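Every heavy atom of this structure was used, including side-chain atoms; hydrogens, water molecules and symmetry mates were not. As the structure lists them, so they are numbered: ligands from 1, and atoms in each ligand from 1. The shown structure was predicted, so the numbers you read here are calculated from the model rather than taken from an experiment.
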Amino acid sequence: MPTTATKTSAKASKGASTKSAAGRATASKKATAPDAIDLLITDHREVKALFKEYDKLVKAEADSGEKQAIALQICVMLTAHATAEEELFYPAARDVLGEDEDLVDEADVEHASAKELIAQIEAGTPDDPLYDAKVKVLGEYIDHHVKEEEGEMFPKVRKSDLDLDSLGEEIAARKAELLGQTDEPH
Ligand SMILES: [Fe+2]
Ligand SMILES: [Fe+2]
């Protein structure tokens with residue numbers, strides 16, 4: 001698992017020691033992908049919207065097929081997101097977080113719990129008595145996990161010299177590959 005994005009920005013410009021909002025805005029104009037953290041936060045928003053949609057379907061007593069389609073979309077999105085974080089973002093975060101590395105340990109454990117529920121949801125159907133509860137609890141897990149990532153881990157990583165633009169490109173490419181949205185050979 002190459003993490004070529006690590007620590008390449010320091011030598012790029014001596015003026016880039018703090019990654020200001022202005023600096024990021026400039027970078028994003030030329031970059032094709034958002035930076036790593038922006039990309040992960042966008043995923044968080046998208047999956048939260050899907051959980052809300054599922055909840056609405058439950059309240060509306062929608063049919064199983066509709067509910068299952070949303071639930072499976074949640075599972076696919078979360079699996080691609082979590083895999084990209086585990087393969088690319090978390091190892092890079094570990095390199096720069098120092099004594100705050102335990103944030104990544106906790107995130108890994110939370111991913112493992114979420115994956116167990118994802119597997120149960122993927123194996124089941126909305127006609128199972130606990131299906132709605134599983135989707136709801138997964139949503140609550142993810143809410144908690146996202147709060148920790150966005151509230152603690154991401155701000156600390158943002159302050160480091162990690163090259164988030166390159167890492168963002170790697171994450172976007174890996175996610176596209178996992179979601180079958182790329183025809184590139186690797
Ligand atoms: Fe995340
Ligand atoms: Fe995560």
Side-chain angles (χ1 to χ4, degrees), residues 1-7 9 19 21 24 27-28 31-55 70-122 134-182:
M1 283 172 262
T3 53
T4 53
T6 45
K7 295 180 181 172
S9 67
K19 299 202 97 195
R24 287 198 305 278
S28 68
T32 51
D35 86 17
I37 289 176
D38 293 338
L39 189 151
L40 295 174
I41 289 175
T42 300
D43 281 355
H44 294 166
R45 297 293 167 275
E46 286 176 7
V47 81
K48 192 178 175 80
L50 286 175
F51 277 114
K52 272 194 181 157
E53 205 172 321
Y54 190 89
D55 194 43
I70 299 296
L72 292 179
Q73 206 183 331
I74 287 171
C75 292
V76 167
M77 272 195 64
L78 281 179
T79 301
H81 177 89
T83 302
E85 282 186 338
E86 287 165 20
E87 291 182 359
L88 299 165
F89 190 83
Y90 289 177
R94 274 187 196 282
D95 284 346
V96 298
L97 282 177
E99 61 188 18
D100 290 318
E101 200 186 343
D102 57 343
L103 291 174
V104 187
D105 293 338
E106 287 167 33
D108 272 329
V109 172
E110 287 167 2
H111 276 204
S113 299
K115 279 183 195 165
E116 282 178 27
L117 263 182
I118 288 170
Q120 289 182 35
I121 292 165
E122 285 181 330
K134 284 173 182 171
V135 176
K136 184 167 183 173
V137 170
L138 179 62
E140 288 168 353
Y141 265 175
I142 297 303
D143 252 0
H144 166 84
H145 179 72
V146 159
K147 276 192 187 114
E148 292 196 336
E149 285 187 339
E150 294 186 13
E152 296 183 64
M153 189 197 297
F154 291 178
K156 287 192 163 87
V157 172
R158 173 75 80 199
K159 281 189 201 149
S160 75
D161 64 358
L162 184 63
D163 183 346
L164 290 169
D165 289 321
S166 303
L167 189 58
E169 285 174 24
E170 285 185 58
I171 290 173
R174 182 65 178 123
K175 273 191 57 209
E177 190 176 47
L178 289 162
L179 295 169
Q181 292 169 345
T182 177

- Message: Testing the basics here: between L138 and A114, what is the closest heavy-atom pair and its distance to 0.1 Å?
- Response: CD1-O, 3.8 Å

- Out of curiosity, D100 CG to R94 CZ, how far, rounded to the nearest 0.5 Å? 12.0 Å

- Residues pairing under salt bridge (Lys or Arg N to Asp or Glu O under 4.0 Å) where one sits in residues 42-52, two or more places apart or in two chains, turn out to be D43-K175, R45-E150, K48-D143

- Query: Within less than 2.8 Å of the Fe ion (ligand 2), how many protein N/O/S atoms are there?
  - Reply: 5

- Query: Can you name the residues that form a ring-ring contact (aromatic ring centres under 6.0 Å, His included) with Y90, not counting sequence neighbours?
  - Reply: H111

- Message: My understanding is that only residues two or more places apart in sequence, or in another chain, count here; which of them pass side chain to side chain contact (heavy atoms under 4.5 Å, CB included) with E148?
- Response: E106, E110, H144, E152

- Task: Over all heavy atoms of both residues, which pair between V47 and M77 is shortest? Give the atoms and the distance, please.
- Result: N-CE, 3.9 Å

